[in-house]
Colleague: 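The following block contains the structure, expressed as structure tokens.
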Amino acid sequence: MPELPEVETTARLIRPDLVGRKVREVNVEWTRTLGGQDPFAFTEALVGATIVTVDRRAKWVRIALERRGKSVGTVLVHLRMTGRLVVNPSREEAPDYARVSWRLDRGTLHFLDVRKFGRMEFFRDPTERLAGLGPEPLGEDFTASWFRSALRGRSRALKPLLLDQTFLAGLGNIYVDESLFRAGLHPLRRSDRVPPRRADVLHAAIRDILAEAIEREGSSFDGFYRTPEGQPGGYQHLFQVYGREGLPCRVCERPLKRIVVGQRGTHFCTRCQPTPRS
DNA sequence: CTATGGCCCTGGTTGC
DNA sequence: TGCAACCAGGGCCATA
């Protein structure tokens, strides 16, 4: 499932094929991908516009558009579970599971999505849509001291709190489990009971793991995530706990455990991440 | 504020 | 072999 590293990789790899391109035609094959927006209005907003930037905020890919040198809006793409963005040379037939396609003056951008949870939405000003998001884990705002007091200010279990995009933006199920393992923290530990020193370790773990995963172009393990070029990522080879239920912990060799927390599969080591007292 | 559960979706896996 | 039930899960929403 695409999380920050996979979305970052996607944005980086499609950017060179998109920046400077003009949208010639838009095809909406699955209306709900537009998240309730009218397909005609969506198409009208895009056709004739030129792509000026492609970047990422949280798990959103942002594609900014202009006309005659003036900004006209931004398309936000959320890959959710199985979404992918790929750019094909023009004239090729739309690949399987193409939900929205943009024919460009050179090539075609396809939004592929098996499970149809993904979204592609147009905003004149995307600020409001992104307003509630927490800080970027790799950004300057996400400091150890901010994190320490932010944890103290909440009293939720770490796992759901780190998944909460309004608290911290970009983590998903995989990288939360991996970060908690590296920091030696149980997923059900309450955030306000994390000692400051340990909060610092978790802070570093989150940043280091995300950076390492970006270096390896994300994680591929279930046949879904691929880079826009069709290649699997490489970080799955470095998983310590995710998807390793029953296998020996790489640190202490005790079999790893899987529980369900907030309807999410949660993987951890009972020895390296001791159970909180209450 | 926090917790829980349903919903959206489909392909792959499991169970009989 | 065939088929139905079940599962994964990010974000959002309703409810307690």
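Here is the naming used below: chain letters follow the sequence lines, and residue numbers restart at 1 for every chain.
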Colleague: Taking only the side-chain heavy atoms of A:Arg154 (C-beta and beyond), determine which of B:dT10, B:dT2, C:dG9 contains the nearest atom.
Modeller: B:dT2

Colleague: Please confirm whether the shortest side-chain N or O distance from A:Lys116 to OP1 or OP2 of B:dT10 is below 4.0 Å.
Modeller: yes

Colleague: What is the distance from CG of A:Asp164 to C1' of B:dA3, rounded to the nearest Å?
Modeller: 12 Å

Colleague: Mind telling me whether A:His78 and A:Trp60 have parallel, tilted or perpendicular rings, with 30° and 60° as the class edges?
Modeller: perpendicular

Colleague: Closest approach to the side chain of A:Arg156, judged atom by atom: which nucleotide of B:dT2, B:dC8, C:dG10 is it?
Modeller: B:dT2

Colleague: Let me know the distance between CG of A:Leu158 and P of B:dT2, rounded to the nearest Å.
Modeller: 12 Å

Colleague: Take atom NZ in A:Lys116; do more than 12 heavy atoms of anything else shown fall under 6.0 Å from it?
Modeller: yes

Colleague: Could you state the atom-to-atom distance from CG of A:Leu76 to P of C:dC12 in whole Å?
Modeller: 12 Å

Colleague: If you look at every strand shown and take non-hydrogen atoms under 4.0 Å, does A:Gly262 touch a base, only sugar-phosphate, or nothing?
Modeller: nothing

Colleague: If you check the A:Arg115 side chain, which of C:dG10, B:dG6, B:dC9 turns out closest?
Modeller: B:dC9

Colleague: Side chain of A:Asn173, heavy atoms from C-beta onward: which of B:dG5, B:dG11, C:dG10 has the nearest atom to it?
Modeller: C:dG10

Colleague: Under 4.0 Å between a side-chain N/O of A:Tyr242 and OP1 or OP2 of C:dA8, yes or no?
Modeller: no

Colleague: Crowded around A:Arg106 CZ? As in, over 12 foreign heavy atoms under 6.0 Å?
Modeller: no

Colleague: Please state whether the phosphate of B:dC9, meaning OP1 or OP2, lies under 4.0 angstrom from any side-chain nitrogen or oxygen of A:Tyr97.
Modeller: no

Colleague: Under 5.5 Å between ring centres and under 30° between planes: does that hold for A:Phe117 against the base of C:dG10?
Modeller: yes

Colleague: Can you tell me how the ring of A:Phe147 sits relative to the ring of A:Phe142, calling it parallel under 30°, perpendicular over 60° and tilted otherwise?
Modeller: perpendicular

Colleague: Can you tell me how far C1' of B:dG11 sits from CG of A:Asp113, to the nearest Å?
Modeller: 13 Å

Colleague: Would you please confirm or rule out a distance under 4.0 Å between OP1 or OP2 of C:dG10 and any side-chain N or O of A:Lys59?
Modeller: no

Colleague: Rounded to whole angstrom units, what separation is found between the CG atom of A:Leu79 and the C1' atom of C:dG11?
Modeller: 13 Å

Colleague: Examine the side chains of A:Tyr235 and A:Glu6 and answer whether a donor and an acceptor come within less than 3.5 Å of each other.
Modeller: no

Colleague: Do A:Leu202 and A:Leu180 make a side-chain contact, defined as non-hydrogen atoms from C-beta onward lying under 4.5 Å apart?
Modeller: yes

Colleague: Give a yes/no on whether any side-chain N or O of A:Arg129 is located under 4.0 angstrom from OP1 or OP2 of C:dC12.
Modeller: yes

Colleague: Starting from P on C:dC12, measure out to NE2 on A:His78 and report it in whole angstrom.
Modeller: 7 Å

Colleague: Report yes if a side-chain nitrogen or oxygen of A:Arg258 is closer than 4.0 Å to either non-bridging phosphate oxygen (OP1 or OP2) of C:dA8; otherwise report no.
Modeller: yes

Colleague: Let's test your reading of the model: under 3.5 Å, does the base of C:dG9 pair with the side chain of A:Arg80 as donor and acceptor?
Modeller: no

Colleague: A:Asp177 has an atom CG; how far is it from atom P of C:dG10, in whole Å?
Modeller: 10 Å

Colleague: Heavy atoms from C-beta onward define the side chain here; which of C:dG9, B:dG6, C:dG11 lies closest to that of A:Gln263?
Modeller: B:dG6

Colleague: By the 4.0 Å heavy-atom rule, please label A:Arg32 as base, sugar-phosphate, or nothing.
Modeller: sugar-phosphate

Colleague: Roughly how many Å is it from CE in A:Met81 to P in B:dC7, rounded to a whole number?
Modeller: 18 Å

Colleague: So A:Thr82, base contact, sugar-phosphate only, or nothing? Heavy-atom distance under 4.0 Å.
Modeller: nothing

Colleague: With sugar-phosphate meaning primed atoms plus P, OP1 and OP2, does A:Phe167 contact a base, only sugar-phosphate, or nothing at under 4.0 Å between heavy atoms?
Modeller: nothing

